[in-house]
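All chains are named by letter (A, B, ...) in the order of the sequence lines, taking the proteins before the strands, and each is independently numbered beginning at 1.
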Number of protein chains: 2
Amino acid sequence: MDTTQVLKGMLDTAVLAALRVHPSYGYDLVRRLRHDGFSDVADASVYGTLRRLHRAGLLASEIVESDAGPPRKYYALNQAGTDELARSAETWQRITSTMNRLLGGEGTR
Amino acid sequence: MDTTQVLKGMLDTAVLAALRVHPSYGYDLVRRLRHDGFSDVADASVYGTLRRLHRAGLLASEIVESDAGPPRKYYALNQAGTDELARSAETWQRITSTMNRLLGGEGTR
DNA sequence: TGTACTACTATGCAGTGTGTAGTACGGGTG
DNA sequence: CACCCGTACTACACACTGCATAGTAGTACA
């Protein structure tokens with residue numbers, strides 16, 4: 001299994017979940033996600049995901065000055081993002097149970 | 001979360017796992033995978049995955065005449081496929097624990 | 001001045017699931 | 001016989017998205 005391919009589609013959910021904890025910005029999310037198990041995720045992937053989710057209306061954004069570099073673009077879940085995260089969590093549950101059943105090897109007929 | 005996107009990369013593992021139970025052919029795998037939870041998987045995806053896995057040297061194939069339609073192309077795991085499946089199962093474990101931790105909402109710092 | 005860290009943007013490529021169409025065989029129905 | 005359906009596979013173009021790479025720009029420190 002190639003983690004790059006598995007990431008496709010899961011990164012959205014991972015970013016939403018990370019933002020549920022508290023609003024954040026790209027550079028910080030990259031570090032947090034890498035620390036949390038997505039150790040190889042590319043920064044461009046996270047920035048791209050944030051833009052896509054924002055364009056889809058799931059995130060609010062706000063520019064905040066930083067004292068350590070360029071201004072940061074903070075993102076936060078809005079109601080649509082919260083709802084989407086809840087749906088994604090359910091989907092994830094279904095997928096894991098399906099995969100665990102398959103990998104467990106119970107016959108499938 | 002879009003199941004189409006999540007499928008990318010997981011379908012390989014799902015097909016390998018299904019073939020571990022017993023050798024099979026495309027049309028049958030489509031039905032089994034749909035029955036087992038991948039209800040929306042397209043047949044072209046499964047056929048494509050089988051060709052890809054075969055080309056990668058993970059599957060043996062054999063043409064078998066059928067009494068109900070055209071001949072079937074049976075696929076079976078070889079040693080490389082068995083090994084790959086074991087590796088994929090481990091990767092899957094890591095991914096699930098990472099995602100469950102994120103979705104569980106434990107702070108990530 | 002130069003290096004490093006921070007923070008984001010832009011472009012093009014690669015892998016893969018999907019839609020659609022097509023080929024081909026056999027059996028049943030009218 | 002003509003037609004449709006289920007079976008079984010192939011082929012092509014397309015869409016989506018992660019990634020590599022490069023670039024811009026701010027602050028800090030030597």
Measure from NE2 on A/His54 to P on C/dC8 and round the result to the nearest Å.
-> 13 Å
Consider the side chain of A/Tyr47, meaning its heavy atoms from C-beta on, and name the nucleotide among C/dA7, D/dC9, D/dC19 that approaches it most closely.
-> C/dA7
Which residue lies toward the 5' end of DNA chain C, A/Tyr75 or A/Asp2, if each is placed at its nearest nucleotide?
-> A/Tyr75
Given atom CG of B/Leu11 and atom C1' of D/dT17, what is their separation to the nearest angstrom?
-> 17 Å
Atom OH of A/Tyr27 to atom C1' of C/dC8: distance rounded to whole Å?
-> 11 Å
Salt-bridge present (A/Arg32, A/Asp36; N to O < 4.0 Å) | no
Looking only at side-chain N and O atoms, does A/Thr4 come under 4.0 Å of OP1 or OP2 in D/dG18?
-> no
Would you mind telling me which residue lines up with the more 5' stretch of DNA chain D, A/Arg52 or B/Lys73, judged by nearest nucleotide?
-> B/Lys73
Interatomic distance, B/Leu29 CG vs D/dA8 P [rounded to whole Å] = 12 Å
How is B/Ala44 classified with respect to the nucleic acid when contacts are heavy atoms under 4.0 Å: base, sugar-phosphate, or nothing?
-> base
Spacing between A/Tyr74 atom OH and C/dT6 atom P, to the nearest angstrom | 14 Å
What is the nucleic acid contact for B/Asp67, judged by heavy atoms within less than 4.0 Å: base, sugar-phosphate only, or nothing?
-> nothing
So, does A/Arg20 use its side chain to make a donor-acceptor pair with the main chain of B/Leu103 at under 3.5 Å?
-> yes
Let me know, please, whether A/Pro70 or A/Gly9 comes out on the 5' side of the other along DNA chain D by nearest nucleotide.
-> A/Gly9
Short side-chain to backbone donor-acceptor contact, A/Asn100 and A/Thr96, under 3.5 Å | yes
Quickly work out the B/Arg34 CZ to C/dG17 P distance and round it to whole Å.
-> 14 Å
Would you mind checking if B/Asp40 and B/Arg34 are paired as a salt bridge, meaning a charged N to carboxylate O distance below 4.0 Å?
-> no
Separation of D/dT17 atom C1' from A/Phe38 atom CZ, nearest Å, is 15 Å
Check whether any side-chain nitrogen or oxygen of B/Tyr25 sits under 4.0 Å from OP1 or OP2 of D/dA8, and answer yes or no.
-> yes
Specify the residue among A/Arg51 and A/Gln5 whose closest nucleotide of DNA chain C lies further upstream toward the 5′ end.
-> A/Arg51
Looking only at D/dC19, C/dA14, C/dA7, the nucleotide nearest the A/Ala42 side chain is D/dC19
Hey, is the side chain of B/Thr49 poking within less than 4.0 Å of OP1 or OP2 on C/dT16, counting only N and O atoms?
-> no
May I ask you to evaluate whether A/Ser66 reaches the phosphate of D/dT27, defined as a side-chain N or O under 4.0 Å from OP1 or OP2?
-> no
Closest to the B/Asp43 side chain: D/dA8, C/dG17, D/dC9?
-> D/dC9
Would you classify B/Gly48 as touching base, sugar-phosphate or nothing, given that sugar-phosphate means primed atoms plus P, OP1 and OP2, and contacts are heavy atoms under 4.0 Å?
-> nothing
Is the side chain of A/Thr82 donor-acceptor paired with the backbone N or O of A/Asn78 at a distance under 3.5 Å, no angle test?
-> yes
Check: B/Thr91 side chain, B/Arg87 main-chain N or O, donor-acceptor pair, under 3.5 Å | yes
Between CZ of A/Arg55 and C1' of D/dC16 the distance, given in whole Å, is 11 Å
